[in-house]
Amino acid sequence: MAKKINLDNLSKVISEELELYGAEVMEGIKNKNDECMKQFVKDTKKDAPQGRRKKFYKNITSKTIVDTPNKKVNVWYVKDPEYRLTHLIKNGHAKRNGGRTKAQDFITNNYETMVKNYEEGVKEVVQNGH
């Protein structure tokens with residue numbers, strides 16, 4: 001059954017409902033942020049070159065650097081000491097005896113996929129309210 005509201009309290013009730021909706025949407029967006037970052041890490045580990053030492057792909061990870069009620073920021077990175085190789089693998093580099101290595105851009109395609117999935121997820125969260 002519907003709740004009866006006095007006209008004097010209407011703005012207060014609308015305000016409370018909008019706050020509740022906003023909190024649910026923000027929580028849903030944060031959850032979608034975490035899901036997309038976990039999938040991005042998994043995909044980049046899968047597509048990263050294995051190499052001789054097989055250490056590079058094992059050091060790919062992410063962490064949350066900001067987590068407030070209205071904002072959440074996750075960062076993808078490669079742990080020390082392998083982080084130095086990321087730029088060289090992605091863009092290629094000069095070989096010791098001349099020539100260049102082939103660039104292996106394993107990040108860009110996965111990033112574009114993650115952004116697309118994140119945008120679709122946020123639209124779904126906003127439409128459904130959770």
Just wondering, do V78 and L85 contact through their side chains at under 4.5 Å, heavy atoms?
no

So, do T64 and M37 sit near enough that their side-chain heavy atoms are less than 4.5 Å apart?
no

When every non-hydrogen atom of G92 is compared with those of T101, the smallest separation belongs to CA-OG1, 3.5 Å

Over 60° means perpendicular and under 30° means parallel, so classify the ring planes of W76 and F40, tilted if in between.
tilted

E24 atom CD: more than 12 heavy-atom contacts under 6.0 Å
yes

Check whether any side-chain heavy atom of D80 lies under 4.5 Å from a side-chain heavy atom of Y83, and answer yes or no.
yes

To the nearest 0.5 angstrom, please state how far the OG1 atom of T86 sits from the CG atom of N91.
10.5 Å

Nearest 0.5 angstrom please: D105 CG to I89 CD1, how far?
11.0 Å

Look at the side chain of T44 and the backbone N and O of I107, then say whether any donor-acceptor pair between them is shorter than 3.5 Å.
no

Report yes if the side chains of K63 and T61 come closer than 4.5 Å at any heavy-atom pair, otherwise no.
no

Close side-chain approach of K55 to K58, heavy-atom, < 4.5 Å
no

Should the heavy atoms of other residues, nucleotides or ligands under 6.0 Å from OH of Y118 be counted, would the total exceed 12?
yes

Between OG of S11 and CG of L18, what distance do you get to the nearest 0.5 Å?
11.0 Å

Using modelled atom types only, decide if a donor and an acceptor are shared between the side chain of N33 and the backbone of K72 within a distance under 3.5 Å.
yes

E35 bridged to K38 by N-O distance under 4.0 Å
no

Please report the interatomic distance CD1(I65) to OH(Y77), rounded to the nearest 0.5 Å.
11.0 Å

How close do Y57 and Q50 get, counting heavy atoms only, and between which atoms?
CE2-OE1, 2.8 Å

